[in-house]
Structure formats: structure tokens, C-alpha cells
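Contents: one structure, followed by commentary.
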Amino acid sequence: MAAIRSRRGAGLIDLMITLFLVGTTGAIFSAAFPTAISASRQAKEYKMATAIAQRKMEQLRSVGFESLTQPLLTNASVIDSTSSGSTYTFTSADSIASQIPSGTGTLSIEDLPLGVSPEQSHLKKVKITVTWLSNSNAQRSIQITSLIADKKPRAVN
């Protein structure tokens with residue numbers, strides 16, 4: 001009979017402790033959930049921007065060294081037709097804004113003379129930048145740079 005009296009109300013205390021632990025665990029997860037969703041969305045945007053930049057770099061490599069000029073890149077739909085100067089855009093050509101929020105893409109091509117005249121340069125430096133606005137309206141961007149070489153053999157003077 002003494003054992004029954006000492007356990008009286010124990011079920012209610014166990015229930016209250018269980019509810020407290022479940023409530024605390026739920027509060028922790030509900031606080032972390034929005035942060036996890038935001039981090040996941042941001043990672044997805046970076047992944048998409050990187051894929052766009054890499055795809056553009058491969059497209060430039062495939063057109064060839066001699067075709068890395070504004071008129072030829074425009075004709076091949078590699079850059080936007082409104083591009084001019086030394087920095088070209090490819091926002092419309094690749095429909096970047098439909099892939100990432102407020103996305104834009106630019107690329108620049110620079111001759112690397114390597115001690116010879118620019119006309120005899122056999123190397124070009126290509127810099128591709130993809131920029132977008134995150135959900136918090138912060139401007140994000142990624143940039144990749146590569147060298148493209150002229151693979152045709154040349155006579156040495």
C-alpha cells in the first residue's frame with residue numbers, strides 16, 4: 001500500500017516533463033527551419049550561377065580562338081546584340097533572369113601578348129561574371145577566369 005501512495009501523481013509529472021521536452025525540441029526546430037530554407041535557396045542560386053558561368057566558358061572555348069571577337073560572338077548568339085566595348089553582356093542570349101532572380105551576365109576578353117605584339121598574341125584571358133539579387137535584396141556574384149589558347153601552329157620569326 002505504501003508503494004501505491006508514493007507513485008501517486010507520478011504519471012502527471014512524467015507527462016509534464018515529456019510535453020516540456022517535446023515543446024522545447026519543436027521550438028528549436030521551428031527557429032532553425034527558416035534559416036535552413038534560406039541557406040538552401042542561397043546555395044541553389046550559387047549553384048545555378050556557377051553552372052551558367054561554366055556553360056558560357058565552354059561555349060567560348062567551342063567557338064574557337066579566332067572567333068573571340070564582338071561581331072563573331074554576336075552572330076553566334078554567344079553575347080547580346082547590344083554588347084559593345086571591351087565588356088560584353090550575355091543576359092538576354094542565355095535568359096539569365098529567368099534562371100536566377102534579377103540575373104545578369106558579363107564577360108570580358110583580353111589579349112595576353114606574352115612579350116610579342118598584340119596581333120601575334122596566342123593567348124586570351126576570359127573573365128565571366130554572373131550577378132543576381134538574393135531574397136534579402138543583397139547583390140551576389142560569382143566570377144570565373146580562364147585562358148584560351150590559339151591551338152594553330154604558327155611560324156616562329
Side-chain angles (χ1 to χ4, degrees), residues 17-156:
I17 290 172
T18 302
L19 288 175
F20 173 76
L21 291 175
V22 168
T24 303
T25 304
I28 290 170
F29 280 118
S30 67
F33 192 69
T35 304
I37 288 176
S38 175
S40 174
R41 185 177 298 122
Q42 186 177 14
K44 181 181 176 184
E45 290 170 354
Y46 272 101
K47 180 181 173 183
M48 181 59 70
T50 303
I52 291 168
Q54 288 175 336
R55 187 171 51 239
K56 183 55 65 179
M57 187 65 74
E58 290 305 318
Q59 190 177 20
L60 289 171
R61 285 188 178 123
S62 70
V63 297
F65 184 86
E66 295 82 18
S67 298
L68 295 179
T69 62
Q70 192 268 336
L72 294 174
L73 291 174
T74 302
N75 289 341
S77 299
V78 174
I79 61 174
D80 296 340
S81 59
T82 57
S83 293
S84 62
S86 61
T87 301
Y88 312 118
T89 62
F90 58 93
T91 303
S92 300
D94 287 8
S95 303
I96 295 177
S98 67
Q99 298 176 52
I100 52 177
S102 302
T104 61
T106 60
L107 67 91
S108 64
I109 301 171
E110 174 187 348
D111 286 324
L112 293 180
L114 299 174
V116 295
S117 67
E119 302 84 40
Q120 297 174 328
S121 176
H122 304 298
L123 203 57
K124 293 187 185 274
K125 180 179 177 182
V126 177
K127 187 184 303 182
I128 298 174
T129 306
V130 177
T131 306
W132 71 96
L133 286 178
S134 68
N135 284 346
S136 61
N137 285 334
Q139 187 171 2
R140 309 267 188 220
S141 68
I142 61 109
Q143 184 177 72
I144 62 173
T145 304
S146 184
L147 299 175
I148 299 178
D150 186 3
K151 296 179 183 177
K152 290 187 178 180
R154 306 281 182 193
V156 179

- Residues at least two apart in sequence or cross-chain that pass side-chain hydrogen bond (donor to acceptor under 3.5 Å, both in side chains) with S95, listed by chain then number, are none
- Among all residues two or more places apart in sequence or in another chain, which pass the side-chain hydrogen bond (donor to acceptor under 3.5 Å, both in side chains) test with Q42? none
Identify the heavy atoms of [X] and [Y] that sit nearest to each other, and give their distance.
X    : Y   : answer
G103 : I96 : C-CG2, 3.5 Å
I142 : A49 : CD1-O, 3.6 Å
S30  : A27 : OG-O, 3.0 Å
S77  : A93 : O-CB, 3.8 Å

Scan [range] for pairs that pass salt bridge (Lys or Arg N to Asp or Glu O under 4.0 Å), counting only residues two or more places apart or in two chains.
range            : result
residues 22-41   : none
residues 131-140 : none
residues 20-33   : none

- Message: Among L73, I128, T104, V78, exactly one meets side-chain contact (heavy atoms from CB on, under 4.5 Å) together with F90. Which residue is that?
- Response: I128
- Applying ring-ring contact (aromatic ring centres under 6.0 Å, His included), name anything that partners Y46, two or more places apart in sequence or on another chain. W132
Does [X] have any side chain to side chain contact (heavy atoms under 4.5 Å, CB included) partners at least two apart in sequence or in another chain, and if so, which?
X    : answer
T82  : D80, T89
T69  : P71, L72
L147 : L112, L123, K125
S108 : T87, K127

- Of all pairs that satisfy side-chain hydrogen bond (donor to acceptor under 3.5 Å, both in side chains), the ones with a partner from residues 51-63, not counting sequence neighbours: R55-Q99, K56-Q59, K56-D94, E58-R61, R61-S146
- Message: Can you confirm whether T145 sits close enough to V126 that some side-chain heavy atom of one is under 4.5 Å from a side-chain heavy atom of the other?
- Response: no
- For the atom pair CD1 (I109) and CG (L107), what is the distance rounded to the nearest 0.5 Å? 5.5 Å
- Message: Let me confirm one number: the CD1-OG distance from I100 to S134, rounded to the nearest 0.5 Å.
- Response: 11.0 Å
- Query: What pairs meet the ring pair (Phe, Tyr, Trp, His ring centres under 6.0 Å) rule with one or both residues in residues 20-45, with sequence neighbours excluded?
  - Reply: none
- Item | Main-chain N/O of S81 paired with T74 side-chain donor or acceptor, under 3.5 Å | no
